[in-house]
Amino acid sequence: MITDDCRRPPVLRPGDTVMLVSPSGPTRPERVARGVELLTGWGLRPVPAPNVYARRGYLAGDDGLRAADLNTAFADPEVRGVICTRGGYGAQRVVDLIDMVAVRRDPKVVAGFSDITALQFALWRGARLAGVHGPGAAWLDERTPPRSAESLHAALMTTEPVTVAAVAEEETFGVRVPGRAEGTLLGGNLCLITASIGTPDMPDLTGAVLLVEEVQEPPYKVDRMLTHLRRVGALDGIAGVAVGQFTECADGWDTTVADVLTERLGDLGVPVLGGLPIGHGVGQLTVPVGTPAVLDATAGTLTVAPAVRGVELSAHS
């Protein structure tokens, strides 16, 4: 039975301030400039967090700085959305420092993907906050063309359900077990899902539709991660699996990543739908996470309830 126990932040509206944060890897102003241009074009007011361009090796500054930026964004009543610049690595190092009281007091939409899966898991655990799995502000037009921008815009600034259809050109398109499943959509990057096992942030996937996507992991590593999830019982009782893009996941062996996904997911007894343009590939689309979803593997569609709720026109100026 599908449940809807998430906390939805208010939909973003023209004039709203959104803070750009880097909870994981470092980025540069020139990489974020295009994202700022897009957000401004939607009528939003993007504001870089104080430490958004900090750098400490493979991290966007030390843990204290990254956590401080998140908490600044969550505590500031003028900030209505939190847009991550990119993924990379590092979110798991700061999630225990997040002020969940502030998150629950004034829920805000948080957008990002890849390593940001760890942040979204933490916000789900600590506040039942629905989020947005989509491109970050370090925007690349060659990977995320106009359709990708339109998809992110719709998820942030409308309260319409999001429907994503499987695409024949995607490598995972042939990964399919027909059927229909309903449940809360949870998940994101497979590495981060697996890395969450044993932590307080690993969600109970019973009755959920699991979203998985990955980049630059060879088939045997994808096999290892899915096998780990199976062995710990994380996939027991799931309602279905939405398979996104597995980008640059080839190696020299005959076994493809689609082969691995079919073998490791195909015998779970639940609907599985591959070919969804969600992840690190060209044409990445945005989906809410933490909200009710319908996975129709027979029809080839994933439909997800919005992560944001409507607000009264007088709610804020």
Side-chain angles (χ1 to χ4, degrees), residues 9-10 12-124 126-127 129-140 144 152-153 155-157 192 286 307-308 316:
L12 293 179
R13 298 184 296 153
D16 281 347
T17 295
V18 294
M19 185 163 283
L20 310 182
V21 298
S22 298
S24 302
T27 190
R28 295 182 175 90
E30 60 269 24
R31 286 288 303 275
V32 178
R34 176 61 177 138
V36 168
E37 182 182 16
L38 278 173
L39 294 169
T40 302
W42 298 344
L44 299 173
R45 298 175 179 172
V47 175
N51 305 294
V52 68
Y53 300 121
R55 179 180 291 264
R56 182 181 178 186
Y58 48 75
L59 300 171
D62 66 34
D63 294 350
L65 293 181
R66 301 196 321 283
D69 277 1
L70 286 169
N71 286 330
T72 294
F74 291 134
D76 188 342
E78 294 301 313
V79 173
R80 304 317 311 155
V82 183
I83 312 294
C84 300
T85 60
R86 58 162 299 202
Y89 170 73
Q92 281 196 322
R93 292 176 54 132
V94 302
V95 292
D96 294 325
L97 303 176
I98 293 174
D99 182 356
M100 290 295 175
V101 173
V103 175
R104 292 189 292 266
R105 181 174 58 241
D106 185 13
K108 300 165 186 186
V109 63
V110 178
F113 79 114
S114 195
D115 194 64
I116 305 305
T117 297
L119 174 59
Q120 290 171 333
F121 270 11
L123 294 172
W124 176 254
L129 184 69
V132 170
H133 181 287
W139 197 270
L140 292 172
T144 42
L152 180 61
H153 176 271
L156 294 174
M157 302 190 72
L192 272 298
T286 297
V308 292
H316 61 275

Evaluation steps, side chain to side chain contact (heavy atoms under 4.5 Å, CB included), between Val109 and Arg80:
CA-CA 7 Å; Val109 63; Arg80 304 317 311 155; over 6 Å; no
Would you find a donor on one side and an acceptor on the other, under 3.5 Å apart, between the side chain of Asp115 and the backbone of Gly90?
yes
Could you tell me whether the side chain of Asn71 and the main chain of Ala102 form a donor-acceptor pair under 3.5 Å?
no
Are side-chain heavy atoms of Trp42 and Val18 found at a separation under 4.5 Å?
no
Check whether any side-chain heavy atom of Arg93 lies under 4.5 Å from a side-chain heavy atom of Arg66, and answer yes or no.
yes
Is it the case that over 12 heavy atoms from other parts of the model lie below 6.0 angstrom from the CD atom of Glu78?
no
Report the residues that fulfil ring pair (Phe, Tyr, Trp, His ring centres under 6.0 Å) with Trp139, sequence neighbours left out, ordered by chain and then residue number.
none
Suppose we screen for ring pair (Phe, Tyr, Trp, His ring centres under 6.0 Å). Which residues come up paired with Phe74, at least two apart in sequence or across chains?
none
Step-by-step side chain to side chain contact (heavy atoms under 4.5 Å, CB included) determination, Leu156 to Val132:
CA-CA 8 Å; Leu156 294 174; Val132 170; 4.2 Å; yes
Any chance you could measure [X], atom [atom1], to [Y], atom [atom2], to the nearest 0.5 Å?
| X | Y | atom1 | atom2 | value |
| --- | --- | --- | --- | --- |
| Met19 | Ile83 | CE | CD1 | 11.5 Å |
| Arg55 | Ser22 | CZ | OG | 10.0 Å |
| Thr117 | Trp124 | OG1 | CH2 | 14.5 Å |
| Ser24 | Leu119 | OG | CG | 7.5 Å |
| Asp16 | Met157 | CG | CE | 7.0 Å |
| Lys108 | Leu123 | NZ | CG | 12.0 Å |

Could you please spell out the steps behind the side chain to side chain contact (heavy atoms under 4.5 Å, CB included) verdict for Leu20 and Leu39?
CA-CA 11 Å; Leu20 310 182; Leu39 294 169; 3.9 Å; yes
Quick test of your reading of the model: are Arg104 and Asp99 salt-bridged, counting only N-O distances below 4.0 Å?
no
Tell me, please, which residues at least two apart from Arg34 pass side chain to side chain donor-acceptor pair (under 3.5 Å).
Glu37, Asp141
